[in-house]
Amino acid sequence: MKPFLTLLIIFISWAVNAQIVYTENDGPRVGHQTENKVLESLDGIDLSQLKLAGANRSWNITGEASDFDKIAYVGVSDLSFKSKFPGTNLAQINLPNDDSSYTMLEKNSSGIYWLGFRDTSTTVVFNSKFTLLPFPLSFGKNFQNNVDADFVADTLLFKIEIQTNSNVDGWGIITTNTGSFPALKVRTNQITEITTIGIPIGSSTIESHNWYASGYSNPVATLLYNETESPFGLFNDTTITYLHKEELVANENVQNSNLKLWLSPNPAQNLLNIQVTTDVSFKSGVYEIFNAEGKRVLNGEIKSSDNFPLDVQQIPSGNYFIQLILDKKILLFDIFTKN
């Protein structure tokens, strides 16, 4: 797995159906920058398998990939148009930001909200918050939105209306070209209508499946079905995107994605060697090992990044994921098999 600086903390329930929970401390913050790649072809990928819901699932999104887009999160204090978006404290931009477009967000103890967007030609402010992700986010949670806004472009008055229905319908292991991640799957159905002087001029219907994993500010994978109708015709598109790289480029602790966890041998029989390769030193660390049902089977302290040997002979054969917490901040995950 290619781990990165983490903002997200995974909590495992010891009930019958353990689950990952996504909390206020999770999600993007100022200084986060990500790169995403798109699969070149969907041939050979079972899309119905990716849509599967339920507990302890296994999804696979791998294949040849090309293109990538960069996303950065910035503070809003220096943005001249901040006053148009009451409550905003975070902005998302695409890099390079040649068109000066910003998606204005609010992050607080209840969730992450979309307040509107601004580019060089128009400013759109929704009349209420649009819930992107509520806190805490957990398996089985539902959240809906009905939001609209009026805006002027080219002297015409437009109205945009968005309706969504979201459900955290699964948790398990998602595998991408980057690695394997314990994750929550959020399914969203969204309908967007754009009208001017009461005349429909465009609409889109989107079904998306997003996988959220500990340690990543954006989904580690997205399956998107998009049907768009405009005066130019009807367009359909299905894409799979995955998180290729993430780094924190500006913060009180400037760190990047050089942090990596090595497990060997894998599969393991009696001893599993743990090694953390990083330019960033850590004073203390703990490890936790969870089985496929999300139950913790081993835990302890790690005092060195140099080939820490872990005795795993007492646990049954099977697949496990291991979590490392370094200095109570940095979390790393990987998967190993016990023979």
Side-chain angles (χ1 to χ4, degrees), residues 27-38 66-108 111-133 145 147-164 188 190-196 201-206 208 210 216-219 222 224 226-232 235 237 239 241-251:
R29 71 182 186 200
V30 173
H32 255 158
Q33 182 173 301
T34 63
E35 292 183 8
N36 301 280
K37 286 197 172 185
V38 179
S66 65
D67 301 331
F68 65 87
D69 64 84
K70 291 185 178 181
I71 296 173
Y73 293 93
V74 299
V76 301
S77 58
D78 295 328
L79 299 180
S80 60
F81 47 86
K82 173 190 175 182
S83 60
K84 295 180 180 294
F85 301 90
T88 185
N89 53 23
L90 190 67
Q92 177 183 309
I93 61 175
N94 293 328
L95 298 177
N97 190 28
D98 295 334
D99 60 355
S100 300
S101 61
Y102 295 81
T103 298
M104 307 300 288
L105 306 173
E106 177 184 349
K107 181 182 176 184
N108 58 37
I112 300 174
Y113 301 92
W114 182 21
L115 303 184
F117 56 91
R118 188 263 185 193
D119 60 27
T120 54
S121 62
T122 187
T123 296
V124 178
V125 183
F126 293 115
N127 63 14
S128 60
K129 295 179 182 179
F130 183 95
T131 306
L132 292 178
L133 215 57
N145 294 279
V147 65
D148 61 77
D150 297 316
F151 65 97
V152 176
D154 295 328
T155 71
L156 291 176
L157 178 63
F158 292 85
K159 177 181 286 290
I160 181 171
E161 299 176 276
I162 302 176
Q163 296 181 345
T164 67
T188 299
Q190 178 175 296
I191 298 175
T192 302
E193 301 279 352
I194 300 178
T195 59
T196 181
I201 63 168
S203 65
S204 69
T205 301
I206 295 175
S208 65
N210 290 281
Y216 306 91
S217 60
N218 279 21
T222 297
L224 183 68
N226 186 2
E227 181 180 281
T228 300
E229 185 175 2
S230 74
F232 304 101
F235 302 92
D237 189 27
T239 57
T241 305
Y242 67 92
L243 184 64
H244 170 64
K245 181 182 178 181
E246 176 176 295
E247 59 185 341
L248 186 62
V249 297
N251 194 266

Item to check | I194/S203 under side chain to side chain contact (heavy atoms under 4.5 Å, CB included): CA gap, chis, key distance, verdict | outcome: CA-CA 6 Å; I194 300 178; S203 65; over 6 Å; no

Is the shortest heavy-atom distance from the side chain of [X] to the side chain of [Y] under 4.5 Å?
X: K245; Y: F68; answer: no
X: S101; Y: F117; answer: no
X: W114; Y: T103; answer: yes
X: M104; Y: L79; answer: yes
X: F151; Y: V125; answer: no
X: I162; Y: Q190; answer: yes
X: E161; Y: K159; answer: yes
X: I160; Y: D148; answer: no

Next on the checklist: Please determine whether side chain to side chain contact (heavy atoms under 4.5 Å, CB included) holds for the pair E106 and N108, giving the CA-CA distance in whole Å, both sets of side-chain angles, and the decisive distance to 0.1 Å.
Outcome noted: CA-CA 7 Å; E106 177 184 349; N108 58 37; 2.8 Å; yes

Please report the interatomic distance [atom1]([X]) to [atom2]([Y]), rounded to the nearest 0.5 Å.
X: F235; Y: E227; atom1: CZ; atom2: CD; result: 11.5 Å
X: N127; Y: L115; atom1: CG; atom2: CG; result: 11.5 Å
X: L105; Y: L133; atom1: CG; atom2: CG; result: 11.5 Å
X: K70; Y: E35; atom1: NZ; atom2: CD; result: 4.5 Å
X: E193; Y: T205; atom1: CD; atom2: OG1; result: 7.5 Å
X: D237; Y: S204; atom1: CG; atom2: OG; result: 12.0 Å

Checklist entry - For atom NZ of K129, is the number of surrounding heavy atoms from other residues, nucleotides or ligands below 6.0 Å larger than 12? => result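 Atom NZ in K129 is packed in, count exceeds 12.
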
For [X] and [Y], work out which heavy atoms get closest and say how close.
X: T34; Y: S217; value: CG2-OG, 3.7 Å
X: V147; Y: S128; value: CG2-O, 3.5 Å
X: A149; Y: F126; value: CB-CD2, 3.6 Å
X: G27; Y: I112; value: CA-CD1, 4.2 Å

Checklist entry - For V152, does its backbone N or O pair with a side-chain atom of T122 as donor and acceptor, under 3.5 Å? => result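 Checking the backbone N and O of V152 against the side chain of T122, a donor-acceptor pair under 3.5 Å is found.
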
Checklist entry - Between the main-chain N or O of F158 and the side-chain N or O of T196, is there a donor-acceptor pair closer than 3.5 Å? => result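 No.
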
With no hydrogens and no angle check, just 3.5 Å: does a side-chain donor-acceptor pair link [X] and [Y]?
X: N145; Y: T164; answer: yes
X: T241; Y: N36; answer: no
X: E246; Y: Y216; answer: no
X: D69; Y: N94; answer: no
X: T228; Y: N226; answer: yes

Next on the checklist: Applying the side-chain contact (heavy atoms from CB on, under 4.5 Å) criterion to Y102, which one of D119, T123, T88, N97 satisfies it?
Outcome noted: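 Answer after filtering D119, T123, T88, N97: N97.
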
Checklist entry - So I93 and I71, side chain to side chain contact (heavy atoms under 4.5 Å, CB included) or not? Walk me through it. => result CA-CA 6 Å; I93 61 175; I71 296 173; over 6 Å; no

Checklist entry - Should the ring pair H32 and Y73 be called parallel, tilted or perpendicular, given that the plane angle runs from 0 to 90° and is split at 30 and 60? => result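 Perpendicular: the ring planes of H32 and Y73 meet at over 60°.
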
